[in-house]
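Contents: one structure, followed by commentary.
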Number of protein chains: 2
Amino acid sequence: MSTEIDKFDSVKKIFTAYLENKGLRKTPERFAILEEIYLRDDHFDVEELYISMKNKKYQVSRATVYNTLDVLVECDLVVKHQFGRNQAQFEKSYGRRQHDHLICTDCHKVTEFCDPRVQTIQSLVGEMLHFNVMHHSLIFYGSCTNKNCEHRANFQARSQE
Amino acid sequence: MSTEIDKFDSVKKIFTAYLENKGLRKTPERFAILEEIYLRDDHFDVEELYISMKNKKYQVSRATVYNTLDVLVECDLVVKHQFGRNQAQFEKSYGRRQHDHLICTDCHKVTEFCDPRVQTIQSLVGEMLHFNVMHHSLIFYGSCTNKNCEHRANFQARSQE
DNA sequence: GTATATGCAAAAAATTTGCACCGTG
DNA sequence: CACGGTGCAAATTTTTTGCATATAC
């Protein structure tokens with residue numbers, strides 16, 4: 001649908017403006033990586049992204065993937081997570097509403113949820129401790145009690161959306 | 001003071017009971033590592049713990065430190081964190097009230113805070129998504145605007161307490 | 001005595017770095 | 001056409017694993 005294309009267009013513009021503003025080069029590799037990330041709808045790690053680029057027309061090196069992800073995180077087009085393992089996970093962030101994560105300790109799948117009260121706590125704690133809180137990470141670790149419950153169906157659907 | 005000794009006594013009893021219950025051996029290395037952790041009052045990584053054991057009477061290998069930390073995390077005497085870098089951080093957990101963390105993106109220091117509303121959100125989200133939430137991790141990333149502010153003094157004091 | 005834990009060193013996994021070459025500005 | 005970016009490989013960092021030895025039970 002056209003809204004998706006419009007959205008990616010905005011993303012490209014933001015990235016272009018950021019690169020120009022910082023005096024960084026607009027290389028095809030950087031835009032290829034951006035596109036690959038915005039075609040995906042799941043959480044991914046560096047290796048997964050690298051492999052899917054390898055399997056397509058774009059040949060990029062791991063070093064470039066790491067470098068570009070850093071740039072994309074800096075300009076807020078991608079968010080980096082450490083979900084408790086020794087491997088960073090990433091997800092696109094433009095046009096996505098603020099959300100947090102629930103990790104299944106059985107199957108390691110990631111579910112998202114929103115709760116505006118987290119923002120309230122963030123503001124209050126920041127004020128109380130004289131901290132300028134820029135962002136947060138809230139993760140609930142747990143498991144689904146029933147193997148065929150609604151939740152399990154939900155996140156299957158989401159991860160392919 | 002005697003309450004600290006009493007507390008460590010309880011911790012040793014819990015660990016002993018856990019090891020017996022699981023049929024694991026009560027080796028001197030395991031208790032030495034437990035003691036070293038409970039003598040510390042800060043957040044630490046594997047290397048820091050390993051170095052401070054090396055500098056004392058106990059000679060343990062890194063492998064044993066990793067192994068023992070796993071056991072201690074399993075029996076809830078130690079909590080493991082991934083504060084956004086590629087190195088796990090740990091802290092003792094017995095007798096400590098539930099708390100979350102604020103990380104300074106400038107100096108990487110860790111501050112603690114409590115807010116009971118996090119538990120409320122945890123319960124509600126778990127119920128809503130049919131998830132049995134076992135524990136959570138809430139981290140605020142930010143920075144102190146004033147280099148000599150009260151907060152900075154606070155965490156300096158805390159990290160040496 | 002026997003199975004489990006330890007210590008060491010090697011392997012694995014994730015990320016970073018150095019350097020020659022390429023291509024954007 | 002210069003300098004920043006890329007690709008590759010080597011180096012670093014963190015964690016895991018294999019195996020011989022030691023020791024708790």
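The chains referred to below are lettered A, B, ... by the order of the sequence lines, with proteins before strands, and numbering in each begins at 1. Just so you know, these numbers use all the heavy atoms, side chains as well, and skip hydrogens, waters and symmetry mates.
The CZ-C1' distance, from B:F31 to D:dT23, rounds to 15 Å in whole Å. Taking atom NZ of residue B:K22 and atom C1' of nucleotide C:dT4, one finds them 16 Å apart after rounding to whole Å. Distance, A:L19 CG to C:dG25 C1': 13 Å, rounded to whole Å. Rounded to a whole Å, the CG atom of A:L69 is 15 Å from the C1' atom of D:dT6. Here the C1' atom of nucleotide D:dT6 and the NZ atom of A:K54 are 12 Å apart, to the nearest Å. Following rounding to the nearest Å, B:E20 (CD) and C:dA5 (P) show an atom-to-atom distance of 14 Å.
Applying the 4.0 Å criterion to OP1 and OP2 of D:dC8, one finds that A:S61 has every side-chain N and O outside that range. Checking the phosphate oxygens (OP1, OP2) of D:dG5, no side-chain nitrogen or oxygen of A:T27 falls inside 4.0 Å. The side chain of A:N67 contributes an N or O atom lying less than 4.0 Å from OP1 or OP2 of D:dT6.
Between A:I51 and A:F44, the closest side-chain pair of non-hydrogen atoms is not below 4.5 Å.
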Report all side-chain donor-acceptor pairs from residues 64-78 of chain A shorter than 3.5 Å, counting only partners two or more places apart or in another chain.
from: A:T64; atom 1: OG1; to: A:S61; atom 2: OG; distance (Å): 3.1
from: A:T68; atom 1: OG1; to: A:T64; atom 2: O; distance (Å): 2.8
from: A:E74; atom 1: OE1; to: A:Y18; atom 2: OH; distance (Å): 3.2

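A salt bridge links B:E112 to B:R96: one of the charged nitrogens lies within less than 4.0 Å of a carboxylate oxygen. Checked for salt-bridge contact, B:E91 and B:R40 miss the test: no charged N lies under 4.0 Å from a carboxylate O.
With sequence neighbours left out, the side chain to side chain contact (heavy atoms under 4.5 Å, CB included) criterion links A:K13 to A:D9. Contacts of B:K12 classified as side-chain hydrogen bond (donor to acceptor under 3.5 Å, both in side chains), with partners at least two apart in sequence or in another chain: none.
Under the salt bridge (Lys or Arg N to Asp or Glu O under 4.0 Å) criterion, the residue pairs touching residues 117-133 of chain B are B:D115-B:R117, with sequence neighbours excluded.
Residue A:L24 places its side chain closer to D:dG5 than to any other of C:dG7, D:dG5, D:dG7.
Each end of the helix from C:dG1-D:dC25 to C:dG25-D:dC1 gets its own rotation axis from five pairs of C1' atoms, and the angle between them is 30° to the nearest 10 degrees.
Without hydrogens or angle criteria, B:R30 side chain to B:R25 main chain gives a donor-acceptor distance under 3.5 Å.
In terms of position on DNA chain C, the residue among B:R30 and B:Y50 whose nearest nucleotide sits closer to the 5' end is B:R30.
Using cut-offs of 30° and 60° on the angle between ring planes, the pair B:H81 and B:H43 is tilted.
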### Task
Mark up nucleotides 14-23 of chain C, 5' to 3', with B wherever a protein heavy atom is under 4.0 angstrom from a base atom, S wherever such an atom reaches only the sugar-phosphate, and - elsewhere.
SBBB-----B
